[in-house]
Amino acid sequence: MMGSGRSRLVTPLGLAAGAALLSGLYAGLVRAPADVVQGEVQRIMYLHVPTVLVAYLAFFVVFAGSIAYLATRQERWDILAHASAELGVLFTALTIAAGAIWGKPTWGAWWTWDARLTTTAILLLIYLGYLLLRAAVEDPSRGARYAAVVGILGFLDIPIIHKSVEWWRTLHQPSSLARGAIDPALLFPLLLNLAAFALLYAFLLAQRVELGRLEAELLRRRLEE
């Protein structure tokens, strides 16, 4: 019964995410005016900014889920944290790829060891390590405990990423969104895409959590045989 209830939620969530993504990408890539300084290449912002903010959200869920798991040892928190870590890695990789596409025409390089880029790459490596650690430890409960510790400590990199453009003034510009320095004609499609990618994350998370529950149940049955 619980499974069917979740299924009823997943379908409308997927439809909402799809409609929001189509609307957001149309608003950002077609309707919004080109930036007066950067030109058309600035449109990568409608992918780059939402994916990095959703990645932060995903890793916050890992952080909170990991604390809850260590405090309660309830499997559901570990499943939630694991699912969100996978999605956080996906959205971080998309962020880095989009940044590289923007960086080549703007900075003349796909990659540079700028403080913001480097700390973001470290974030990706931390949570790739989180996933590898889980896979490497044979005992699932022990692997979950180790991963929870990494999930909590890894989240500390996000404030460093946020402050990196102030602590080390290198190439990457400070956040225009945080400073309120975006023209309304560009801000609306950006917020629309942010909502769309957040819905996509919620949809994928619901699917992955359900799969995680099924995997855990299958493992229990195998151990009982």
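Since the model is a prediction, treat every value here as computed from it, not as a measurement.
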For the pair Trp113 and Trp111, name the ring-plane relationship: parallel under 30°, tilted 30 to 60°, perpendicular over 60°.
perpendicular
| query | With no hydrogens and no angle check, is any side-chain donor or acceptor of Arg31 less than 3.5 Å from a backbone partner on Gly28? | reply | no
Linked, directly or transitively: Ile126 and Leu53 (ILVMFWY side chains, under 4.5 Å):
yes
dist Thr92:OG1 -> Tyr56:OH (nearest 0.5 Å) comes out at 8.0 Å
Q. So does Asp78 pair up with Arg134, basic N to acidic O under 4.0 Å?
A. yes
- request: May I ask you to decide if Gly103's main-chain N or O and Thr106's side chain share a donor-acceptor pair within less than 3.5 Å?
  value: no
Item to complete: Using the side-chain contact (heavy atoms from CB on, under 4.5 Å) rule, take Thr51 and Phe197 through it: C-alpha gap first, then chi angles, then the decisive distance, then the call.
Response: CA-CA 7 Å; Thr51 53; Phe197 278 95; 3.9 Å; yes
Rounded to the nearest 0.5 Å, the CZ atom of Arg116 sits from the NE2 atom of His162 at a distance of 7.5 Å
Do Leu194 and Leu22 belong to the same hydrophobic cluster, where Ile, Leu, Val, Met, Phe, Trp and Tyr are linked whenever their side-chain heavy atoms lie under 4.5 Å apart, directly or via other members?
no
The reported gap from CG in Leu29 to CD in Glu40 (rounded to nearest 0.5 angstrom) is 9.5 Å
Start with the C-alpha gap between Tyr127 and Val150, add the side-chain angles, then the distance that decides, and say whether side-chain contact (heavy atoms from CB on, under 4.5 Å) holds. CA-CA 8 Å; Tyr127 284 95; Val150 175; 5.8 Å; no
Output for pair (Leu123 CG, Leu156 CG), nearest 0.5 Å, gives 11.0 Å
- Item | Geometric class of the Tyr130/His82 ring pair [parallel <30°, tilted 30-60°, perpendicular >60°] | tilted
*asked:* Test your reading of the model: is there a side-chain donor-acceptor pair from Asp114 to the backbone of His172, 3.5 Å cut-off?
replied: yes
Side chain to side chain contact (heavy atoms under 4.5 Å, CB included) with Glu86: of Leu131, Leu204, Leu205, only one passes, and it is Leu131
Closest heavy-atom pair, Tyr201 versus Ser84, reported as atoms and distance to 0.1 Å, is OH-OG, 2.7 Å
Residues Val41 and Trp102: closest non-hydrogen pair is O-CD1, 3.5 Å
Rounded to the nearest 0.5 Å, the CZ atom of Arg43 sits from the CG atom of Leu186 at a distance of 8.5 Å
- Message: Is there a path of hydrophobic side-chain contacts, each under 4.5 Å between heavy atoms, that joins Ile122 and Ile96?
- Response: yes
Let's go through Val54 and Leu200 carefully: what are the C-alpha distance in whole Å and the side-chain angles of both, what is the deciding distance for side-chain contact (heavy atoms from CB on, under 4.5 Å) to 0.1 Å, and is it a yes or a no?
CA-CA 9 Å; Val54 170; Leu200 177 63; over 6 Å; no
Here the pair of heavy atoms bringing Thr112 nearest to Leu117 is O-CD2, 3.5 Å
Next on the checklist: Hydrophobic clusters here meaning ILVMFWY residues chained together by side-chain heavy-atom distances under 4.5 Å, can you tell me if Tyr69 and Phe60 are in one?
Outcome noted: yes
task = Determine, stepwise, if the pair Asp157 / Phe59 fulfils side-chain contact (heavy atoms from CB on, under 4.5 Å).
result = CA-CA 10 Å; Asp157 188 42; Phe59 292 135; over 6 Å; no
Closest non-hydrogen atoms of Val52 and Thr95, given as atom of the first, atom of the second and distance, are N-OG1, 3.1 Å
**Asked** When you check the gap from the basic side-chain N to the acidic O, do Glu217 and Arg221 get nearer than 4.0 Å?
**Response** yes
When every non-hydrogen atom of Leu124 is compared with those of Ala93, the smallest separation belongs to CD1-N, 4.3 Å
In this structure, CZ of Arg213 is separated from CD of Glu75 (nearest 0.5 Å) by 9.5 Å
Residues Ala32 and Pro189: closest non-hydrogen pair is CB-CG, 3.9 Å
- Is there a chain of hydrophobic side chains (I, L, V, M, F, W, Y, each step under 4.5 Å between heavy atoms) that links Leu214 to Trp77? no
